[in-house]
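Side chains included, hydrogens not; waters and symmetry mates left out as well; all remaining heavy atoms used.
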Amino acid sequence: MLCPQRPLLILSLCLALPAAARAQAAEAWNGEAENAKKSQYTLFNPVPDGLMRKFTTDRPHTTESPFTVDAGHLQVESGLLSYALSQADLEGATTQDFDVVATNFRIGVTNSAEIDFILQPYGISHSKSLDGGPVIRSSGMGGAQIRAKLNLWGDDSYGEPGSSAFALLPFVSLPTDRTNGVSPAFVEAGVVGLFEVKLTDIISLEINDGVLYLRDGGDPSYHAELLTTANIEFEWTETFGTYYEVVAQIGRNDPMGDIGFVGTGATYLWSENVQLDAGVNLGFTPAAGRINPFVGLTMRF
């Protein structure tokens, strides 16, 4: 890869660098040039198909990617069906949750920013005690979440081993029905940092770290919790990939303690703008769900 075209002094310094460093410098320069070329596009002036970046998704894993949807385009990421079985709580009760078509509508606003709207149209929750007591059934619309993803680097330069990307993800969650047992009862908010690095041609590492500002049903006030995740992705072919992740939510004001679970799954790129996925999460702390299998679909327009 050639060094960037710069004045003589900078060119001399570039040639003095080791080959790997020159390659990374050239890649960063090319990414900046691509970003500048695409900066003219906005929500109302979409990026042409020929300039769109590689199709990436935020699902199926909990760990979010740092890449944004191209300006003027819509990406619909839907959990077609999800089932979750909880561990027994302190009173011996377990809960089964069913989520149907929980969907993230991702809208590219600029070349490095998007806005997301996440809706859970319908969910069902069944709770029952181990002593054979009555089953408590709740159903209805879940919460709504509004968030923004702001890429600071890597949207257009990520790809070669050693390259990286980073974004910030502020969000706010809103209750839709405080009494149906499915929607959250209170407004919640937070911000998460999203980092990804390309380790090899087929392996990528994603790390998320953030602060959540939450309020549980029995709490008189809000408190902060820490979210941290790590995810390894393998792109075995151009269409098939797998992932393995670990997730922890720390500082919960709950007698069951903190949440910790591992997850794994697979993705299949059906076409250039359509991806199918399936996965499962397994809890390893009492507060985490025992098992959570799911299937999903992502489409880009």
Side-chain angles (χ1 to χ4, degrees), residues 57-67 77 79 82-90 94-97 99 102 104 116 118 120 125 142-143 145 147 149 164-173 184-197 199 203-219 221-234 241-267 277-294 296:
T57 67
D58 280 347
R59 62 167 301 115
H61 35 68
T62 302
T63 307
E64 309 273 2
S65 82
F67 308 108
E77 306 192 358
S82 173
Y83 167 79
L85 173 64
S86 76
Q87 308 273 8
D89 64 17
L90 297 180
T94 59
T95 301
Q96 297 182 75
D97 293 322
D99 291 338
N104 182 5
D116 304 342
I118 302 177
Q120 182 189 355
S125 180
Q145 189 176 106
R147 62 188 202 175
K149 184 184 289 188
S164 64
F166 181 78
L168 291 175
L169 186 74
F171 71 89
V172 58
S173 297
F186 304 99
V187 175
E188 300 174 340
V191 61
V192 184
L194 319 175
F195 176 75
E196 181 166 339
V197 60
L199 300 179
I203 304 175
S204 298
L205 171 65
E206 293 178 321
I207 296 174
N208 289 181
D209 283 300
V211 178
L212 315 179
Y213 196 53
L214 310 177
R215 179 180 174 184
D216 299 323
D219 289 349
S221 61
Y222 285 85
H223 66 277
E225 297 181 14
L226 301 180
L227 174 69
T228 184
T229 77
N231 179 57
I232 291 282
E233 291 187 342
F234 296 84
T242 59
Y243 73 89
Y244 308 88
E245 76 171 339
V246 60
V247 177
Q249 190 170 325
I250 303 168
R252 300 181 73 237
N253 187 14
D254 190 304
M256 295 289 287
D258 296 329
I259 293 174
F261 63 87
V262 295
T264 185
T267 60
D277 65 66
V280 62
N281 297 322
L282 302 171
F284 60 81
T285 65
R290 184 182 302 174
I291 186 170
N292 169 214
F294 52 83

* Sequence neighbours excluded, which residues qualify as ring-ring contact (aromatic ring centres under 6.0 Å, His included) partners of Phe195? -> none
* To do: Could you go through the side-chain contact (heavy atoms from CB on, under 4.5 Å) check for Val280 and Asn292 one step at a time?
  => CA-CA 5 Å; Val280 62; Asn292 169 214; 5.8 Å; no
* Under the ring-ring contact (aromatic ring centres under 6.0 Å, His included) test, residues paired with Phe234 that sit two or more places apart -> Trp236, Tyr244
* Asked: Which residues satisfy the ring-ring contact (aromatic ring centres under 6.0 Å, His included) test with Phe67, sequence neighbours excluded?
  -> Tyr158
* For Asp258 and Thr285, which heavy atoms make the closest approach, and how far apart are they? -> O-OG1, 2.9 Å
* Decide side-chain contact (heavy atoms from CB on, under 4.5 Å) for Thr267 and Glu233; before the verdict, give the C-alpha distance in whole Å, the side-chain angles of both, and the deciding distance to 0.1 Å. => CA-CA 10 Å; Thr267 60; Glu233 291 187 342; over 6 Å; no
* Polar side-chain atom of Tyr243 near backbone of Gly263 as donor-acceptor pair, under 3.5 Å -> no
* To do: With sequence neighbours excluded, tell me which residues meet salt bridge (charged side-chain N to carboxylate O under 4.0 Å, His left out) with Glu64.
  => Arg147
* Looking at residues at least two apart in the chain, or sitting in another chain, which of them share a salt bridge (charged side-chain N to carboxylate O under 4.0 Å, His left out) with Asp254? -> Arg252
* **Non-hydrogen side-chain atoms of Ile118 and Phe171 separated by less than 4.5 Å** => no
* Between the side chains of Asp97 and Ser125, does any donor sit under 3.5 Å from an acceptor? -> yes
* Could you tell me whether the side chain of Thr229 reaches within less than 4.5 Å of the side chain of His61, counting heavy atoms only? => no
* Report yes or no: do Glu206 and Asn231 form a side-chain donor-acceptor pair below 3.5 Å? => yes
* Asked: Looking at Ala287 and Gly257, what are the two nearest heavy atoms and their distance?
  -> CB-O, 3.5 Å
* **Thr63 and Glu245 side chains, donor-acceptor separation under 3.5 Å** => yes
* Set of residues satisfying ring-ring contact (aromatic ring centres under 6.0 Å, His included) with respect to Phe294, sequence neighbours excluded -> none
* To do: State, with a plain yes or no, whether a side-chain heavy atom of Leu214 is found less than 4.5 Å away from one of Gln249.
  => yes
